[in-house]
Amino acid sequence: MLVGDREYSGIELARAYWHEVVGPLLEAAFPGVPLAAARIGTGSDVLGLDDPTSRDHDWGLRLSVFVPSDTAAAVGSVGSELERRLPVAFRGHPTRFAFTGRSDATHQVDVGTVGAFADSRLGFDPQLASTLDWLSLTGQAALEVTAGEVFADPVGELAAACAALAWYPADVWRHALAADWARLAQELPLMGRAADVGDDLGSRVIGARLSQVAMHLAFLLERRWPPYAKWFGTVFGRLDSAPDLAPHLQRTLSADTLRDRELGLVDALDLLLERQNTLGLTHVERATIPFWDRPYRHPDPAIVTQLLAEVTDATLRALPPGLGTIEQRTDNVDVLVDAAARRRMIG
C-alpha cells in the first residue's frame, strides 16, 4: 500500500496492525492477560526482504500472538475472539485471505504458545537443546524464530527463546566449521581433475558448489544464521567479509580457465582462514597446500584437526568430521522445511 511516496513493508504493516487493531481488541477482551505479539515465522518480510513481487501470495496482515505457557488453554478463546471481531480490512489490506494450497480466506493471526511455535519451527525447545537438536537446525529455521520484530513480550518468553538461539554452542560451532573445510577438501582437487580431462561443465559445477560452501563458511565465521536459497546470496552480501570474498567467488564462477577458477577459490579460502585464525579457532598459515604430485590445491588437513582438537562433546567426537549439520548434509527442500524429517536424518 502506498503511503506518501513509499509502500509499507510487511513488518511495518504488522506493527501497525498490532498496535492499532489486534492489541487493543485483545486487551479489551482479555484484560490483564500478558499476551506477546510479533511478526516472525515464514515470509520474506520477516527477513526485511519483501518487495512488490512478494505481494502476489502469502503476504499481508500477518501476526503471531502468544499466550503465556501457563495459560495455554486460552489459545482457543483468543483465536475465536479475533475471528468474531477483526474488521474486514486495515489500511487497504484484507484481514482475511487464503494461503497457498488453501481456498478458504481466514485471518492470519496465528495464536499459540511460544513453546509450540518454537517446536513447529525447530523441532525442539531451544532452551533445552541437545547436541543432536543443534545438528538438526537449519539457519532458516533459526531465523524464523529470531528474525522479524517483536511488538510485545511482557513475560519475556520470546526473548528467552531468541537468546537461546543466539548461536551454536562452541563445540557444535567447531564441528560445523570443520565440516565445511572437510567438504572443501573432498572436492577442490576434483574441480581441476574434471577440467584436465575435458569436462569443463563438470568443473564449473564443482566450482559453483564449492563457492556455496565457502559462502556458508563465511556465515559460520560471522556467527550469522544463513537463510534459505532465495535469500542466501542477498544476506551473504551483507556480511562484513562479503566485499573481500565476493570478487574471488565471482572469479571462480565466471572463469574460463581452470587456473582462474582455482585461484578464485584459493584466495577466498585464504581470507576465510585469516578470519578463523583471528578468532583463535586455528593457527594455520595458508588455507591450501599441493594435492599430492598433481597440479591442484586442497585445504590443509591441519585446519580440520585444529578445529576438532578442542571439541569435548562425546556425541560430536563420535561423528565423522565431514557430516556437520543437516544443511551441510542435504539441500533437499522437503527435508529442510520439515523439523521432524531433519531430526530423523540427524539421529
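Numbers here simply count residues along the sequence, with the first being 1.
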- Query: Should Leu132 and Phe124 be marked as a side-chain contact (heavy atoms from CB on, under 4.5 Å) after you check the CA-CA gap, both sets of side-chain angles, and the distance that decides it?
  - Reply: CA-CA 10 Å; Leu132 292 180; Phe124 57 88; over 6 Å; no
Carboxylate-amine/guanidinium proximity below 4.0 Å for [X] and [Y]:
{"X": "Arg342", "Y": "Glu327", "result": "no"}
{"X": "Arg251", "Y": "Glu262", "result": "no"}
{"X": "Asp313", "Y": "Arg317", "result": "no"}
{"X": "Arg261", "Y": "Asp200", "result": "yes"}
{"X": "Asp300", "Y": "Arg286", "result": "no"}
{"X": "Arg55", "Y": "Asp45", "result": "no"}

Does a side-chain heavy-atom distance below 4.5 Å link [X] with [Y]?
{"X": "Asp256", "Y": "Arg204", "answer": "yes"}
{"X": "Asp133", "Y": "Asp125", "answer": "no"}
{"X": "Val304", "Y": "Leu308", "answer": "yes"}
{"X": "Val65", "Y": "Phe151", "answer": "no"}
{"X": "Ile40", "Y": "Leu158", "answer": "yes"}

- Task: Working to the nearest 0.5 Å, report the span between CD of Glu83 and OG1 of Thr106.
- Result: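 It is 7.5 Å, given to the nearest 0.5 Å.
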- Message: Rounded to the nearest 0.5 Å, what separates atom CD1 in Ile326 from atom CG in Leu137?
- Response: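 That separation rounds to 10.5 Å.
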- Task: Begin with the C-alpha distance, continue with both residues' side-chain angles, and end with the deciding distance and a verdict on side-chain contact (heavy atoms from CB on, under 4.5 Å) for Gln108 and Phe97.
- Result: CA-CA 8 Å; Gln108 302 301 333; Phe97 54 98; 3.4 Å; yes
- Query: In terms of ring plane angle, is the pair Tyr168 and Trp225 parallel, tilted or perpendicular, where the classes change at 30° and 60°?
  - Reply: perpendicular
- When the ring planes of Phe219 and Phe232 are compared, do they come out parallel, tilted or perpendicular, using 30° and 60° as the limits?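 Rings of Phe219 and Phe232: tilted, as their planes differ by 30° to 60°.
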Are [X] and [Y] close enough that a side-chain donor and a side-chain acceptor fall under 3.5 Å?
{"X": "Thr42", "Y": "Arg62", "answer": "yes"}
{"X": "Trp231", "Y": "Gln140", "answer": "no"}
{"X": "Ser64", "Y": "Arg39", "answer": "no"}
{"X": "Asp171", "Y": "Thr312", "answer": "yes"}
{"X": "Asp50", "Y": "Trp59", "answer": "yes"}
{"X": "Asp180", "Y": "His216", "answer": "yes"}
{"X": "Thr325", "Y": "Gln328", "answer": "yes"}

- For Arg15 and Glu12, what are the C-alpha separation, side-chain angles and deciding distance, and is it a salt bridge (Lys or Arg N to Asp or Glu O under 4.0 Å)? CA-CA 5 Å; Arg15 185 190 308 125; Glu12 290 172 322; 5.1 Å; no
- Could you walk me through whether Val109 and Tyr17 pass the side-chain contact (heavy atoms from CB on, under 4.5 Å) test, one step at a time? CA-CA 10 Å; Val109 181; Tyr17 189 38; 4.0 Å; yes
- Answer yes or no: are there more than 12 heavy-atom neighbours, outside Arg209 itself, under 6.0 Å from its atom CZ?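 Correct, the count exceeds 12.
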- Message: I'd like to know whether Gln250 forms a side-chain contact (heavy atoms from CB on, under 4.5 Å) with Ser211, so could you lay out the CA-CA distance, the side-chain angles of the two residues, the decisive distance to 0.1 Å, and finally the verdict.
- Response: CA-CA 9 Å; Gln250 290 284 8; Ser211 295; over 6 Å; no
- Task: Treat each ILVMFWY residue as a node, draw an edge where side-chain heavy atoms are under 4.5 Å apart, and state whether Trp181 and Trp173 are in one component.
- Result: yes
